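Shown next, in structure tokens, is the structure this report addresses.
Proteins come first, then strands; the chains are lettered A, B, ... in the order of their sequence lines, and each starts at number 1. Keep in mind that what you see is a predicted model, and the values were worked out from it rather than measured.
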2 protein chains.
Amino acid sequence: MTSMTPVHTSSAADGPRLGLRERKKIKTRTAIREATYALIEEQGYEATTIEQIAERAEVSPSTVFRYFPTKEDIVLTDEYDPLMLQELRSRPADEPWTDSVRYVVGRAVQMSDQDLEVTRLRAHLMNQVPAVRARMLETMSVTGRMLAEAVAERAGLGTDDLEVRVYTMSLIGGLAEVYQYWAEGGMREDLHGLLDRALTVLEQGFPAKKP
Amino acid sequence: MTSMTPVHTSSAADGPRLGLRERKKIKTRTAIREATYALIEEQGYEATTIEQIAERAEVSPSTVFRYFPTKEDIVLTDEYDPLMLQELRSRPADEPWTDSVRYVVGRAVQMSDQDLEVTRLRAHLMNQVPAVRARMLETMSVTGRMLAEAVAERAGLGTDDLEVRVYTMSLIGGLAEVYQYWAEGGMREDLHGLLDRALTVLEQGFPAKKP
DNA sequence: CCATGAAGTGAGAGTAACTGTCAAAAGCCG
DNA sequence: CGGCTTTTGACAGTTACTCTCACTTCATGG
């Protein structure tokens, strides 16, 4: 229960050259996050107050707010989005779009497998707590905005192109729904398979007629 | 400024047979809403407190919360969604899907033209205030759920069909983005035209190659 | 190695969105 | 009119979040 996989403890790669200050910052950050996860599992989201989180993480409430602007952010913030974007940009330029998307989404699922407990907790909260769901949607729409940039770049269109933006946000919307579906089903089904089906729907426009 | 078009004052149709109680309820409801709109235009969203709203609407703060669970809801709640759903269901069953959607979306735009000021204010807030945007997205996802039911019904599929849900939510995502785009552009462009372009994107899958 | 500056932390006071309770007021109905 | 139900307002309480200020802790250049 407290043996929750740490998301980003200092690996050998980034440990040595950071100053003591930076290392401490990372420590408190993850301390706060893990305190939060643990408390939420014990008591649920709403019942968990910032004060409790602060106490368990051994920092002051002020500090919690310094690290995370809102309570939802403690749960939701992750560092994956930029990685995904990078991954997408590094795909060969002549690869068909749907393939690129499939690949990147696949990678995302892979990565989230490493923190399966966290992923599950998030999915569960997204399902149960409206505030978290709302924040999640908002986060995804930001991701969508970045995705639109990548898409526009590759398609040689302007960032503000309506068509690109509509396309990316509809993609995001579809993916969000998969996540929700998965959470509703108790996270028993294979996320990868679900995503595959979703992408198929998105590729083919509408599931007009099934013969 | 205070001459904002009332959304739903008692028209001849629903006035007479409602009891005094019901009529009063409607009155306070719109009083609260209009007080809110006015205050927000004067001072902005965050600067407007529930207390001020209550004061101007001449009710107690408690009452405000009784009518609207959150501050965002005062701005966002409307009665159109059920109408749209109904409209959708009443379309001929053999009409192509995209046509039905086009029609219903068109109707929605028509109706929002009647409350243009309100529509603009909402779009503006969605753009500027994260909390409102989040709530809006959440609302839209609820709408998406209902839409999925209608779609499933018509397609002869289960309500929980993944494909249907992904399709509808991607639709919603795309439409939300149009709204956002429109708001960002100062609401100068023709919303109807934008929606048309968006629907075209959604119909044709991806804007792969423009020759 | 220590003095000076910068960054991070904690304590506390304050705001505002909600929640729950209870008694008074207002519409309902025989 | 008189009892019954619904609605309202007053109030107290919780909690997320903000701001300010004094204090500690790290960085660094002499």
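Summary of the strand contacts: B:Glu72 and A:Val59 both lie near DNA chain C, and taking for each the nucleotide with the nearest heavy atom, the more 5' one is attributed to A:Val59. With DNA chain C read from its 5' end, the first of the two nearest nucleotides for B:Glu46 and B:Glu22 is the one closest to B:Glu46. Closest-nucleotide positions on DNA chain D for A:Leu20 and B:Lys24 were compared, and the one nearer the 5' end corresponds to B:Lys24.
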Exercise for the section: Show your reasoning for whether side-chain contact (heavy atoms from CB on, under 4.5 Å) applies to B:Val164 and B:Met169. Expected result: CA-CA 9 Å; B:Val164 171; B:Met169 273 309 291; over 6 Å; no
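Counting to the nearest Å, the P atom of D:dC11 and the CD1 atom of B:Ile50 are 19 Å from each other. We find that OH of B:Tyr45 is positioned 8 Å from P of C:dA17, with the value rounded to whole Å. Between the CD atom of B:Glu55 and the C1' atom of D:dA10 there is a distance of 16 Å, given to the nearest Å. Between the CZ atom of A:Arg66 and the P atom of D:dC19 there is a distance of 12 Å, rounded to whole Å. The distance between atom CD of A:Glu58 and atom P of C:dG8, rounded to the nearest whole Å, is 21 Å. Rounded to a whole Å, the NZ atom of A:Lys27 is 13 Å from the P atom of C:dT9. What separates CD of A:Glu51 from P of D:dT14 is a distance of 11 Å, to the nearest Å.
Between the side chains of B:Asp115 and B:Tyr80, at least one donor N or O lies within less than 3.5 Å of an accepting N or O. Checked by atom type, the side-chain pair A:Thr77/A:Arg33 shows no donor-acceptor distance below 3.5 Å. Inspection of the B:Arg89 and B:Gln86 side chains reveals no N or O donor paired with an N or O acceptor under 3.5 Å.
Looking at B:Arg56 and B:Glu34, no side-chain N of the basic residue comes within less than 4.0 Å of a carboxylate O on the acidic one, giving no salt bridge. Note on A:Arg102 versus A:Glu203: salt bridge recorded, some NZ/NE/NH1/NH2 to OD/OE distance being below 4.0 Å.
Considering only side-chain N and O atoms, B:Tyr67 lies nowhere under 4.0 angstrom from the phosphate OP1 or OP2 of D:dT7. A sub-4.0 Å separation between OP1 or OP2 of D:dT7 and a side-chain N or O of B:Lys25 is present.
Not a single donor-acceptor contact under 3.5 angstrom links the side-chain atoms of B:Thr70 to the base of C:dA17. Remark: the B:Arg21 side chain and the D:dT5 base include a donor-acceptor N/O pair separated by less than 3.5 Å. Contact of A:Ser62 with C:dA11 (side chain to base): a donor-acceptor pair of N or O atoms is detected under 3.5 Å. Taking 3.5 Å as the limit, the base of C:dG27 and the side chain of B:Arg23 contain no donor-acceptor pair of atoms between them.
Between its opening and closing five pairs, the helix from C:dC1-D:dG30 to C:dG30-D:dC1 changes axis direction by 20°, a value rounded to 10 degrees.
Counting any heavy atom pair closer than 4.0 Å across all strands shown, B:Pro69 reaches sugar-phosphate atoms only and no base atom. No engagement by A:Phe68 is indicated, since no non-hydrogen atom pair under 4.0 Å with the nucleic acid exists.
With D:dT25, C:dA17, D:dG9 as the candidates, the nucleotide lying closest to the side chain of B:Lys71 is C:dA17. Closest approach to the A:Phe65 side chain among C:dT9, D:dC17, D:dT7 is made by D:dC17 (side chain taken as heavy atoms from C-beta onward). The B:Thr63 side chain lies nearest to D:dT8 when the options are D:dT8, C:dG8, C:dG10.
Counting only residues at least two apart or in different chains, salt bridge (Lys or Arg N to Asp or Glu O under 4.0 Å) contacts with residues 170-184 of chain B comprise A:Arg145-B:Glu177, A:Arg145-B:Glu184, A:Arg165-B:Glu177, A:Arg165-B:Glu184.
For A:Thr28, the side chain to side chain donor-acceptor pair (under 3.5 Å) partners are A:Tyr67, not counting sequence neighbours.
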